[in-house]
Amino acid sequence: MKTYQSAAALGFFDVELRVQWLEAKGNPLSRLDAVIDWESFRPLLAQGVAKPAKGPGGRPANDPLKMFKLLVLQRYYNLSDEQTEYQVSDRLSFQKFAGWTVADKVPEANTLWDFREALVRTDVFEKLFEQFAQQLQAQGLLAQEGKLVDASFVDVPRQRNFRAENATIKVGGVPDAWDEVPAKQRQKDVAARWTKKNAEVHYGYKNHVKADAQSKLIERYAVTDASVHDSQKLAKLVATMDGAVYADSAYRSAEAEAMLAQKQVTSHIHERAYRNRPLSDEQKESNRQKSKVRARIEHIFGFMSQSMKGFYLRYIGRRRNAAAIGLINLIYNLARYEQIVRWKLLPSRSCGTA
């Protein structure tokens, strides 16, 4: 009779050995944990969730840094609050990254929601992005001349409203009937907008970014509804010391060229063809040369959409979605920085500690 291997009894060090095995297999979370100075984020996080003291006694509060790392896990893998609670409870690699053990009770989904809402109300996500960008700037990773500018759609749950309701929303109002049903109003996003690009229809927001052409790190970003044209945020993203800007033809206009000239920035925006005015061979060749640099920004959005599945959000309202987009941009920078360190493209081995 054929026999099969039976399950082994759990030993004292089996969990630790399994974690080590996972890290040896190339766990991206352990690589990220090894190079990021997470403690540098603690002051902002503590300020964002600070509450008046209630006196002695009561259950100790959750560590804000550990809670933030739960949000990083959530956005990196695009999980719901309930799935974040479950996956961290279930997966050893998630527990190791966030700082929990199998003996700890992972915070519930509602607790995670409350923590994130506190950070949204205090605009902490934008501050965290700016702080890490300053660390990158100090290491010279955002100092090179040459910037990439582009935008990507971020879809949210689509709204099904009556035509009259949509007309009211478009002019910045709220339908009167919604005031009578507060629960319904909380589920309606009056800031998101519909738009169409080629054959694709989108409802939600746009993530406008400026990235360093060499390091592919995001230096600045802006969030708008999906109907805002890409070029409308060019002036906000571009700074005087940027040297040169690469962008596709959607950004091309006389106003944009004048703005860049005023800021003493060289324009490498693609030439556009117009009706009865096709591009010359010289213009086509110029566009091809510009594309060799400009295409690097597609790597950024590719990582967000493929590795992070980050172009669909579940939140309602501009403020929550803008915070989530800011966190997506921050996590991309964290992951990209880890790649730069791993590939030894800079001398320092850690960010924020040198």
Is the shortest distance from a Lys or Arg side-chain nitrogen in [X] or [Y] to a carboxylate oxygen in the other one below 4.0 Å?
X    : Y    : value
R220 : E130 : no
R288 : E285 : yes
E271 : K284 : no
D212 : K147 : yes
D33  : K96  : no
E200 : K197 : no

Practice task
Specify whether F303 and Y76 have parallel, tilted or perpendicular ring planes, treating 30° as the upper limit for parallel and 60° as the lower limit for perpendicular.
Solution key: perpendicular
Practice task
Indicate the ring-plane relationship of F129 and Y221, choosing parallel, tilted or perpendicular according to the 30° and 60° boundaries.
Solution key: perpendicular
Practice task
Indicate whether the side chain of R342 and that of Q339 have a donor and an acceptor atom separated by less than 3.5 Å.
Solution key: no
Practice task
Please check if any side-chain donor atom of T84 sits under 3.5 Å from a side-chain acceptor atom of D81, or the reverse.
Solution key: no
Side chain [X], main chain [Y], donor-acceptor under 3.5 Å:
X    : Y    : answer
E165 : P175 : no
K66  : G99  : yes
R116 : A324 : no
D104 : V106 : no
S152 : F301 : no
Q74  : L79  : yes

Within this structure, what is the [atom1]-[atom2] distance for the pair [X] and [Y], rounded to the nearest 0.5 Å?
X    : Y    : atom1 : atom2 : result
Y337 : L217 : OH    : CG    : 9.5 Å
D225 : T195 : CG    : OG1   : 8.5 Å
S249 : N287 : OG    : CG    : 7.5 Å
Q47  : R42  : CD    : CZ    : 13.0 Å
K290 : Y246 : NZ    : OH    : 9.0 Å
L279 : R272 : CG    : CZ    : 10.5 Å

If hydrophobic clusters are built by linking Ile, Leu, Val, Met, Phe, Trp and Tyr wherever their side-chain heavy atoms come under 4.5 Å apart, do [X] and [Y] end up in the same one?
X    : Y    : result
I36  : I328 : yes
V265 : Y251 : yes
F97  : W100 : yes

Practice task
Apply side chain to side chain contact (heavy atoms under 4.5 Å, CB included) to the pair V174 and T168, showing each step before the final yes or no.
Solution key: CA-CA 6 Å; V174 177; T168 302; 5.8 Å; no
Practice task
Just do the side chain to side chain contact (heavy atoms under 4.5 Å, CB included) check on N329 and M304 with the steps written out, would you?
Solution key: CA-CA 8 Å; N329 292 335; M304 292 177 178; 3.1 Å; yes
Residue [X] excluded, over 12 heavy atoms near [atom1] under 6.0 Å:
X    : atom1 : result
E338 : CD    : yes
Y274 : OH    : yes
Q289 : CD    : yes
Y86  : OH    : no
K170 : NZ    : no

Practice task
Answer whether the closest heavy-atom distance between the side chains of D242 and E219 falls below 4.5 Å.
Solution key: yes
Handout entry: Beyond-backbone contact of L29 with F94, side-chain heavy atoms, under 4.5 angstrom
Key = yes
Practice task
Apply the test side chain to side chain contact (heavy atoms under 4.5 Å, CB included) to residues V124 and F41: give CA-CA distance (whole Å), side-chain angles for both, the deciding distance (0.1 Å), then the verdict.
Solution key: CA-CA 10 Å; V124 169; F41 298 133; over 6 Å; no
Problem - Pair T224-Q232, side chain to side chain donor-acceptor pair (under 3.5 Å): steps then yes or no - result: CA-CA 10 Å; T224 67; Q232 296 303 305; over 6 Å; no
